[in-house]
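The next block holds one structure in the form of structure tokens; read it before the comments.
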Amino acid sequence: MSTPPAPPPVPVPGLPLADALARGPLVLDGGLSNQLQAQGCDLSDELWSARLLADDPAQVRAAHTAYVRAGARVLITGSYQASHPGFARRGLDREETDALLRRSVSLARAAAGTAGEPVWVAASVGPYGAVLADGSEYRGRYGLTVAELERFHRPRVQALAAAAPDVLALETVPDADEAEALLRAAAGCGVPVWLSYTAAGRRTRAGQPLADAFAVAAGNDQVIAVGVNCCDPRDAAPAVRLAARATGKPVVVYPNSGEGWDAARGAWTGEAAFDPAAARTWVRDGARLVGGCCRVGPAEIAALAAELGTGAGRETEPGKEREAEPETGPGAEPEG
């Protein structure tokens with residue numbers, strides 16, 4: 001692995017993301033890993049898409065650019081599975097890993113610069129379980145204390161914050177204990193955050209009521225949005241309502257395709273259930289950051305942007321959201 005030079009700096013949007021959310025919903029990108037695979041990248045590695053930050057950063061930038069072209073106005077970096085222990089197993093020291101974490105932000109920022117209008121960058125901070133690469137982010141309860149989890153997350157939070165993203169995406173969090181650790185690790189870093197749980201029904205993957213889990217962020221002014229990601233899309237609508245009620249904050253929601261992941265066979269199962277039209281209901285109920293996760297690609301993001309009629313924070317006309325009937329159902333798959 002090598003650490004290639006960073007691309008030239010790209011200007012950041014003049015409007016803070018929190019202020020943009022006050023004007024109306026913004027479209028997030030979709031799954032980075034599935035777009036990288038569509039580009040021909042091999043992700044059969046415990047570092048998953050994070051490996052490409054060192055080995056082929058041009059592919060990461062191209063994947064981000066595909067989502068910009070589809071209408072995404074917030075890009076999530078390729079740092080989800082990146083960590084100091086993970087890269088240390090590949091022979092990289094702390095400084096080299098810090099450089100790759102910062103590179104994840106600069107690659108997204110460079111892609112954002114192709115839009116011709118403001119595009120915000122969210123630096124992904126995935127859960128501890130993602131670094132284990134064993135699917136435990138969909139279970140939580142790793143046997144670590146909140147203090148131990150905080151110590152694990154703090155170095156990469158600091159490295160990502162140093163790259164000046166618009167927000168830190170504390171995402172795919174399986175339980176409230178890790179959410180508390182992440183919020184502690186991010187405190188004082190100078191960058192706002194969003195907190196996004198992975199959920200099943202009305203509970204976190206660890207089994208806690210979502211309303212209680214959302215409440216962890218209720219009084220934290222650093223948190224600009226709370227919600228769910230990498231959940232079944234049919235669980236998104238009730239989660240949005242719970243997040244809005246529990247915190248009074250803007251809601252972030254980006255479910256996966258609804259397909260299931262069979263870890264034993266290494267294969268996807270079931271039918272896709274991601275319906276861009278459902279986003280109108282999510283927005284009606286408080287969602288302001290709306291996108292997709294695993295197996296949701298540029299085509300679905302383009303359809304979602306068309307449904308919402310949004311670009312760079314334009315206001316949604318009152319009364320234009322139409323209701324979609326909420327559904328329920330299971331779903332879980334690996335994040336990338």
Side-chain angles (χ1 to χ4, degrees), residues 2-21 26-33 35-36 39 41 49-83 87 95-126 156-171 186 189-194 196 224-225 252 254 289 291-293 298 301 305 310-313 336:
S2 62
T3 53
V10 176
V12 301
L15 188 67
L17 181 58
D19 293 344
L21 299 183
L26 288 172
V27 175
L28 297 170
D29 56 11
L32 185 64
S33 60
Q35 178 57 27
L36 289 168
Q39 293 170 193
C41 298
S49 53
R51 176 184 63 80
L52 297 176
L53 294 174
D55 292 353
D56 202 345
Q59 290 282 12
V60 179
R61 178 174 173 172
H64 288 314
T65 301
Y67 283 115
V68 170
R69 291 173 178 162
R73 292 299 172 259
V74 180
L75 300 176
I76 302 173
T77 65
S79 52
Y80 172 83
Q81 210 140 356
S83 71
F87 281 121
E95 289 186 1
E96 291 170 319
T97 298
D98 284 351
L100 289 177
L101 288 164
R102 292 192 300 268
R103 165 161 287 280
S104 73
V105 175
S106 63
L107 289 169
R109 192 73 79 189
T114 67
E117 58 181 292
V119 174
W120 290 263
V121 171
S124 173
V125 184
R156 61 189 185 138
V157 164
Q158 291 173 337
L160 289 166
D166 299 295
V167 64
L168 294 174
L170 312 180
E171 60 173 350
C189 74
V191 179
V193 307
W194 82 52
S196 180
I224 63 171
V252 55
Y254 48 118
L289 289 161
C293 202
I301 295 304
T310 58

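No experiment lies behind these values; they were computed from the predicted model shown. Position 1 is the first residue of the sequence; numbering continues from there.
To the nearest 0.5 Å, the span separating CG on Leu168 from CD1 on Ile76 amounts to 12.0 Å. Rounding to the nearest 0.5 angstrom, the gap separating the SG atom in Cys41 from the CG atom in Asp56 is 6.0 Å. Glu96 contributes atom CD, which lies 10.5 Å from atom CZ of Phe87 (distance to the nearest 0.5 angstrom).
Closest of all the heavy-atom pairs between Pro192 and Ile224 is CB-CG2, 3.8 Å. A pairwise comparison of heavy atoms in Leu36 and Ser49 identifies CD1-CB, 3.5 Å as the closest pair. Across every non-hydrogen atom of Arg109 and Pro13, the tightest pair is NH1-CD, 3.6 Å. Ala108 and Thr77 make their closest contact through CB-CG2, 4.1 Å (heavy atoms, listed as atom of the first residue, atom of the second, distance). Residue Ala123 comes nearest to Val105 through the heavy atom pair CB-CG2, 4.1 Å, listed as atom of the first residue, atom of the second, then distance. Nearest approach of Leu28 to Val252, heavy atoms of both residues: CD1-CG2, 3.9 Å.
Looking only at distances, a side-chain donor or acceptor of Asp166 sits under 3.5 Å from a matching main-chain atom of Val121. Side-chain atoms of Tyr254 never come within 3.5 Å of backbone atoms of Val27 as a donor-acceptor pair (strictly under, hydrogens ignored). Of the possible donor and acceptor atoms, none in the side chain of Arg69 sits under 3.5 Å from a partner among the backbone N and O of Pro298. Panel note: side chain Ser79, backbone Ser124; a donor-acceptor pair is recorded below 3.5 Å. In this structure a side-chain-to-backbone donor-acceptor pair under 3.5 Å is present from Trp120 to Leu15. Judged by distance alone, the side chain of Thr65 and the main-chain N or O of Ala111 form no donor-acceptor pair under 3.5 Å. At least one donor-acceptor pair under 3.5 Å links the side chain of Arg73 to the backbone N or O of Val68. One N or O on the side chain of Arg156 and one on the backbone of Ala82 form a donor-acceptor pair closer than 3.5 Å. The main-chain N or O of Gln59 is found under 3.5 Å from a side-chain atom of Gln39 such that the two form a donor-acceptor pair.
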Open item on the list: Run Ser104 and Val60 through side-chain contact (heavy atoms from CB on, under 4.5 Å) and show every step you take.
Closed with: CA-CA 8 Å; Ser104 73; Val60 179; over 6 Å; no
